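Along the sequence shown, residues carry numbers from 1. Because the structure is a prediction, the values reported are computed rather than measured.
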Amino acid sequence: MAEQPKYQLIKQDGKIEIRQYSEYVIAKTSIKQIERNQNNNMFRTLASYIFGENISNQSIPMTAPVITQNKGSNYDMIFFMLGVKQPEELPLPNNQNISLEYMEIGKTISITFGMWATEKRVHYYKEKLDKYINQNKIQVQSPLMVAQYNSPWALPPFRKNELLYTIE
């Protein structure tokens with residue numbers, strides 16, 4: 001299993017968890033919302049960077065999860081760059097569609113589910129998470145993030161996905 005961002009578990013209620021993360025360096029690529037079906041191209045863009053398509057031809061370890069998020073008119077895909085404290089420690093990408101930056105995750109609420117993270121399944125678990133958030137009067141601060149932990153070759157019963165929001 002790929003290295004993952006560490007967090008402190010604050011509360012667990014079944015598949016729902018409240019966690020505290022710190023700040024991480026990320027590699028991010030974005031497209032316009034209307035091009036959302038370009039998910040595979042976004043993954044290839046980021047994967048090519050960590051497989052050596054950068055000014056140093058340096059390989060960077062793959063981490064999990066891969067996060068996608070609707071942010072305004074953009075649709076972002078994020079890889080965590082674990083093991084570095086600053087973006088400047090990483091080789092510059094050859095592709096201008098990749099940015100290296102900080103992501104302050106902070107406090108989150110998440111729900112975990114298996115199989116594929118299809119639009120239908122994301123919607124189903126988002127409704128469950130939103131209901132819990134409303135019942136517990138939790139203040140959400142970010143758009144929904146979809147975190148996928150497995151390679152495309154992982155069999156559906158063994159897949160792990162999460163939906164996350166940053167919260168107050």
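- The minimum heavy-atom distance linking Ile18 with Lys107 is given by the pair CG2-CE, 3.9 Å.
- Evaluation of the side chain to side chain donor-acceptor pair (under 3.5 Å) rule for Gln139 yields no partner, not counting sequence neighbours.
- In terms of the salt bridge (charged side-chain N to carboxylate O under 4.0 Å, His left out) criterion, residue partners of Glu17 (sequence neighbours excluded) are, by chain and number, Arg19.
- Side-chain atoms of Asn161 never come within 3.5 Å of backbone atoms of Val146 as a donor-acceptor pair (strictly under, hydrogens ignored).
- When all heavy atoms of Ala64 and Tyr149 are compared, the closest pair comes out as CB-O, 3.7 Å.
- A donor-acceptor contact shorter than 3.5 Å links the side chain of Arg121 to the backbone of Gly114.
- With rounding to the nearest 0.5 Å, the separation of CG in Leu82 from CD in Glu3 is 4.5 Å.
- Between Ile98 and the options Ile50, Leu92, Asn54, Leu46, a side chain to side chain contact (heavy atoms under 4.5 Å, CB included) holds for only Leu46.
- When all heavy atoms of Pro91 and Tyr49 are compared, the closest pair comes out as O-OH, 2.6 Å.
- Residues that satisfy the side chain to side chain donor-acceptor pair (under 3.5 Å) test with Thr63, not counting sequence neighbours, are absent from this structure.
- The closest side-chain donor-acceptor pair between Glu119 and His123, if any, does not fall under 3.5 angstrom.
- Considering all non-hydrogen atoms of both residues, Ser110 and Leu164 come closest at CB-CG, 3.8 Å.
- A single hydrophobic cluster is seen to contain both Val66 and Phe51, as judged by linkage of ILVMFWY side chains at heavy-atom distances under 4.5 Å, directly or through other members.
- Within 6.0 Å of OH in Tyr124 there are 12 or fewer heavy atoms belonging to other residues, nucleotides or ligands.
- Tyr125 and Phe113 have parallel rings, their planes meeting at less than 30° on a 0 to 90° scale where 60° marks the start of perpendicular.
- The distance from atom CD of Gln69 to atom CE of Met103, rounded to the nearest 0.5 Å, is 5.5 Å.
- Side-chain contact between Met62 and Phe79: present, with at least one pair of heavy atoms (C-beta onward) separated by less than 4.5 Å.
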Is there a side-chain contact (heavy atoms from CB on, under 4.5 Å) between Ile26 and Tyr102 once you walk through the steps? CA-CA 6 Å; Ile26 60 166; Tyr102 292 107; over 6 Å; no

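- At a threshold of 4.5 Å between side-chain heavy atoms, the hydrophobic network of Ile, Leu, Val, Met, Phe, Trp and Tyr places Ile138 and Leu144 in one connected group.
- Side-chain atoms of Met115 and Pro156, non-hydrogen and from C-beta on, do get closer than 4.5 Å to each other.
- With contacts defined as side-chain heavy-atom distances shorter than 4.5 Å, the pair Asn150/Lys160 qualifies.
- Counting heavy atoms from C-beta outward, Glu127 and Asp130 have side chains that stay 4.5 Å or more apart.
- Under the 4.5 Å side-chain heavy-atom criterion for grouping Ile, Leu, Val, Met, Phe, Trp and Tyr, Phe80 is not connected to Met77 through any hydrophobic cluster.
- Panel note: side chain Asn95, backbone Asn97; a donor-acceptor pair is recorded below 3.5 Å.
- When atom types are taken as modelled, the side chain of Tyr24 and the backbone of Lys6 share a donor-acceptor pair closer than 3.5 angstrom.
- Of all the heavy atoms in Leu163 and Lys126, the pair that sits closest is CD1-N, 3.3 Å.
- In this structure, CD in Gln86 is found 15.5 Å from CE in Met81, a value given to the nearest 0.5 Å.
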Verdict with reasoning, Ile133 to Ile167, per side-chain contact (heavy atoms from CB on, under 4.5 Å): CA-CA 10 Å; Ile133 287 167; Ile167 60 173; 5.6 Å; no

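- Side-chain atoms of Asp76 do not come within 3.5 Å of backbone N or O of Ser30 as any donor-acceptor pair.
- Residues Tyr165 and Ser142 come closest through the heavy atom pair CD2-O, 3.4 Å.
- Interatomic distance, CE of Met145 versus CD of Glu162, reported as 10.5 Å (0.5 Å rounding).
- The side-chain heavy atoms of Thr166 and Val140, taken from C-beta on, include no pair separated by under 4.5 Å.
- Side-chain contact between Ser73 and Lys32: present, with at least one pair of heavy atoms (C-beta onward) separated by less than 4.5 Å.
- At a threshold of 4.5 Å between non-hydrogen side-chain atoms, the residues Ile109 and Ile16 count as touching.
- Contact of the Pro93 side chain with the Ser99 side chain is not registered, since no non-hydrogen atoms from C-beta on lie closer than 4.5 Å.
- Residues Phe43 and Ile60 are members of one and the same hydrophobic cluster, defined by side-chain heavy-atom contacts under 4.5 angstrom among Ile, Leu, Val, Met, Phe, Trp and Tyr.
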Please lay out, stage by stage, how Met42 and Thr45 fare under the test side-chain contact (heavy atoms from CB on, under 4.5 Å). CA-CA 5 Å; Met42 294 176 77; Thr45 297; 5.5 Å; no

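- Other residues, nucleotides and ligands place no more than 12 heavy atoms under 6.0 Å from the CD atom of Gln96.
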